[in-house]
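Written below as structure tokens is the structure these notes are about.
Only this structure's heavy atoms are used, side chains among them; waters, hydrogens and symmetry mates stay out. For the single chain, residues carry numbers from 1 onward in sequence order.
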Amino acid sequence: MKTYSNKDFRMSKRTLQSYFSSSSASTPHTNESTSEPKKSRVELSHSDLIGDPGKRKPIDDYQPEIRDQVKRAYALNGPTQPRDIIFPRKWMSGEFRSFQKTWFDEFDWLEYSEYKGAAYCLYCYLFFNSSKPEKFGSSVFAHQGYVNWKKAKDTFNKHNVCKTHVEARQKCEDFMNQRTNVGRKLVQVGKEEEKRYEIRLTTSLDVARFLIMQGDAFRGHDESSTSLNKGTFREMVDWYKDKVEIVKTAYEKGYKNCQMLSPYVQKDLTKACAEEVMSVIMDEIRGRKFLVLIDESRDVSIKEQMAVILRFVNDEGKVMERFLGLQHVESCTAIALKEALVRMLSSRKLSISVLRGQGYDGASNMRDIADFFNYVPLIVNTVGASCMRKDVLLAKHHDMLLEKIENGEIMTGRGLNQESGLARPGDTRRGSHLKTLLPILVMWEAIIDVLEIVKKDSVKPACTRGALGLIGKMESFDFVFIMHLMIELLGMTDILSRALQRKDQDIVEAMHLITDVKDSLQDIRENGWEPLLKKVKTFCEKNEIEVPDMDEEINIRGTSRRRKQKVTNMHYYHVEIFLVAIDAILTELNHRFSEISSELLVCMACFNPRNSFSNFNVDKLMRLAEIYAEDFDIGELALLPNHLKSFVNRARRTQEFLGCSELGKVAEIMVKTTMNTSYQLVYRLIELTLILPMATASVERIFSAMSFIKTDLRSKMGDEWFNDLMICYNEKEIFRKIENEKIKKRFEEMKNRRMLMPKKLMVRSVLF
């Protein structure tokens, strides 16, 4: 028997110490602290996943901490199998040949890259091809082609049985089956403990689902056991334990290092919820043509967030809009937004080739008179900063109304002179500026009085100077002139804005409104200057505001006096403000509804069913089909005119179409009456028509939810968790219907878990 000396023991001890703490062995001890700053936790973002296998980076290029998560994420997503694209054809051996989508049904590991026109094996990429994902099939498919389809299948079959592929497939199945993990064999967990674990997991999931649905915060400032307020998540779990004895037992007798309460568990549960919601959405849209609605806005932490909504027609013929997610962008340039959109679509395995349009939403901030709109929210916030100021404002306004009624300045009657307050203008709502300016105009005297009270009573000099500055700004001719001008212009566009924000847009009515707005703007441009100036002067005289001499020369605004570039007041207000503001709106309307866009909308309006399809025009609808040349080949274009004529004759005889006045209902009725199968080309054209809105308020609603979830107290929320919360919150209808078992199953498969649910509930995953 071999013996060991003390020297050997000391050496072994030093060896163990150096193994577990190499830094202490190599760094001499000094009085100064040598501790390194704590590294931030590396987290997997869904944008790190790339759908196109030809663009993926090797697994080894990911951070070591998340490589297993990356593998699991790709395995759960399955192979990229685009079935609705047109595969490139090549002339080979006397005929054209191309990739066949039927091969996806025969080989569950097969992937296809639109970027490289090549075939890939997902198993081999995950476990044997980390550095060269394009090794299998790319050179063969992209360059050489096959003599016939049978030879291609033979090649796939050979790969299907080759040793490397079989081993990669087995590794993937073992990797996803956590019960075969070596660590699981070393630490045995009893069935009772697994049941208690499932109770704890279900409890945490129930609480998380409630908080997500309400948009409430999870965390607390102090989550220690002695805290009186541990945050909503932990407090609700404690409440749950007090109400249900079996839950309390599961926490008290369960493993203390697997309580399912940590912030990482909360984020993973939210991620599992979001992924299940997205799985439902992807099943809805897979194989359909779609449009993306895009807009960007800053969140409370001053990060630019791009929101993307998908618009498509479902199996029932209904137009659907689904939230795809948020994407943080460094800048709002067209290139940056396009790159972010491509990344987002790729991470969800959505092909650009089936994208049929992009809508960029967002309200105009009137940059030409931005200074005016910078002061408006300051006035509203100062006057409405407290309940006392609001009460004083309403009381002052009430007294002034009574005085005007007594003097005969205003009329009385039902619905007139209603009590109102000041509304804050929103960054994304088109009508919010008008709703803010109108009360300022109506409550002008009361607002001035409140600002004077604030100036007089404020203890802080900053508040006094602020109120004084706002009074001076309001009682200037510039402010009054721009306020009246904006009320005129926004009043003209308000009806159109509200019509365009409706989900069930009437294209014919919208086209009339667009024409009406353009005509009204052109009319006020040519004939509205004198009436507006007269109205502004009357208001100023009434409120003792100085009116400048319009013939007086002044320096051009924004230039140094040394340059001595002068214009008259008339030129400044008429040309540089009045005409510039009108031209800005006209330019935006002409840009959004250009000649080509207008032609498209006119063609789309021919499908309107009002008055028994009175606008139906075969020639214009054929022009619409020609615009979408990718969706109709030469043969289908030749058949389409007869199909259109037959369809409209049938529709005019069909009882369901009688009284129908909305274009959005045409597709639903066709599905209901099975006319979509008889007139497939017509239905395809109607689908393309329905997914192209002229504008939408959907993205604005997303930004409203964004400001509700990410608040000042939650400003440090990470982008990934923020996105997951937004997906579940905005798609509540889908989220409510998802069963807990699906979410728990995905939660376990996302990472290597310390404990698993009872085996009877763990059905073996069908990965692909």
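Considering W103, Y112, F104 in turn, F104 is the only one that fulfils the side chain to side chain contact (heavy atoms under 4.5 Å, CB included) rule with Q81. Looking at I734, N730, I743 one by one, the single match for side chain to side chain contact (heavy atoms under 4.5 Å, CB included) with V277 turns out to be I734.
Without hydrogens or angle criteria, R219 side chain to P263 main chain gives no donor-acceptor distance under 3.5 Å. The backbone N or O of E304 lies less than 3.5 Å from a partner atom in the side chain of H328, making a donor-acceptor pair. No donor-acceptor distance shorter than 3.5 angstrom exists from the side chain of E687 to the backbone of K289, with no hydrogens or angles considered. Without hydrogens or angle criteria, N723 side chain to L326 main chain gives a donor-acceptor distance under 3.5 Å. Between the side chain of E111 and the main chain of P53, no donor-acceptor pair closer than 3.5 Å is present. A donor-acceptor pair is defined here as one N or O able to donate and one able to accept, closer than 3.5 Å; such a pair exists between the side chain of Q178 and the backbone of E748. A donor-acceptor contact shorter than 3.5 Å links the side chain of K349 to the backbone of N77. At least one donor-acceptor pair closer than 3.5 Å links the side chain of R714 to the backbone N or O of I709. Judged purely by atom type and a 3.5 angstrom limit, D52 uses its side chain to pair as donor or acceptor with the backbone of E114. Listed for the S227 side chain is no donor-acceptor partner under 3.5 Å among the backbone atoms of S224.
A ring-centre distance under 6.0 Å is found for W721 and F218. For Y197 and Y255, the ring centers are positioned 6.0 Å apart or more. Checked against a 6.0 Å centroid threshold, the rings of Y74 and Y125 count as neighbours.
Within the cation-pi definition used here (under 6.0 Å to the ring centroid, within 45° of the axis), K253 does not qualify as a partner of Y251. Relative to the six-membered ring of F87, K101 misses at least one condition, a distance below 6.0 Å or an angle of at most 45° to the axis. Within the cation-pi definition used here (under 6.0 Å to the ring centroid, within 45° of the axis), R322 does not qualify as a partner of F312.
Residues E284 and K318 are not paired through a salt bridge, judged by the lack of any N-O separation under 4.0 Å between the basic side chain and the carboxylate. Using a 4.0 Å cut-off between charged nitrogen and carboxylate oxygen, E193 and R200 count as a salt-bridge pair. The existence of a salt bridge linking D268 and R753 is confirmed by a sub-4.0 Å separation between a basic side-chain nitrogen and an acidic carboxylate oxygen. The residues K745 and E749 are annotated as salt-bridged, a charged nitrogen and a carboxylate oxygen being separated by less than 4.0 angstrom. R67 has no carboxylate O lying under 4.0 Å from a charged side-chain N of D61, or vice versa, which leaves the two without a salt bridge. Under 4.0 Å is where a charged nitrogen must lie from a carboxylate oxygen, and between K195 and E198 no such pair does. Remark: D105 engages R83 in a salt bridge, criterion side-chain N to carboxylate O under 4.0 Å. A salt bridge does not link K267 with E720: every distance from a Lys NZ or Arg NE/NH1/NH2 to an Asp or Glu carboxylate oxygen is 4.0 Å or more. By the 4.0 Å N-to-carboxylate-O rule, K230 lies close enough to D238 to be salt-bridged with it. Comment: E276 does not engage K742 in a salt bridge, judged by the lack of any side-chain N to carboxylate O separation of less than 4.0 angstrom.
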Original post:
Under the side chain to side chain contact (heavy atoms under 4.5 Å, CB included) criterion, do V280 and M282 qualify, and how do the steps go?
Top reply: CA-CA 6 Å; V280 174; M282 291 301 104; over 6 Å; no
Original post:
Run the side chain to side chain contact (heavy atoms under 4.5 Å, CB included) check on V342 and E339 step by step: do they pass?
Top reply: CA-CA 5 Å; V342 171; E339 291 176 351; 5.8 Å; no
**OP:** Go through I59 and L126 one step at a time and tell me if the side chain to side chain contact (heavy atoms under 4.5 Å, CB included) criterion holds.
**Re:** CA-CA 7 Å; I59 296 292; L126 293 178; 4.2 Å; yes
Subject >> Criterion side chain to side chain contact (heavy atoms under 4.5 Å, CB included) on M260 and T203, from CA distance to verdict >> reply: CA-CA 9 Å; M260 309 308 293; T203 301; over 6 Å; no
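Closest approach of E194 and L756 over heavy atoms only: CG-O, 3.5 Å.
Of the inter-residue distances, the one linking R169 atom CZ with C121 atom SG reads 8.5 Å to the nearest 0.5 angstrom. The CG atom of L122 sits 9.0 Å away from atom CZ of F127, with the distance rounded to the nearest 0.5 Å. A distance of 11.0 Å separates CG of N257 from OG of S262, quoted to the nearest 0.5 Å.
Shown here is E630, whose CD atom has no more than 12 heavy atoms of other residues, nucleotides or ligands within 6.0 Å. For K171, the NZ atom sits in a loose shell: 12 or fewer heavy atoms of surrounding residues, nucleotides or ligands are nearer than 6.0 Å.
Judged by distance alone, the side chains of K710 and S301 do bring a donor and an acceptor atom under 3.5 Å apart. Counted by atom type alone, D174 and Q170 present one or more donor-acceptor pairs between their side chains at under 3.5 Å. Using modelled atom types and a 3.5 Å distance limit, the side chains of N740 and R209 yield a donor-acceptor pair.
Within the 4.5 Å cutoff, no side-chain heavy atoms of L324 are placed close to those of V292. At a threshold of 4.5 Å between non-hydrogen side-chain atoms, the residues Y120 and T80 do not count as touching. Looking at heavy atoms from C-beta onward, L355 lies out of side-chain contact with L350 at the 4.5 angstrom threshold. Contact check for I294 versus L341: side-chain heavy atoms found under the 4.5 Å cut-off. By the 4.5 Å heavy-atom criterion applied to side chains, F290 and L345 are counted as neighbours. Taking the side chain as every heavy atom from C-beta outward, S346 and K55 never approach each other to under 4.5 Å. Inter-residue side-chain proximity for Q305 and V329 is flagged as unmet; no heavy-atom pair is nearer than 4.5 Å. Counting heavy atoms from C-beta on, the side chains of S707 and V300 never come closer than 4.5 Å.
For the side-chain hydrogen bond (donor to acceptor under 3.5 Å, both in side chains) test, no residue two or more places apart in sequence or in another chain qualifies with T232.
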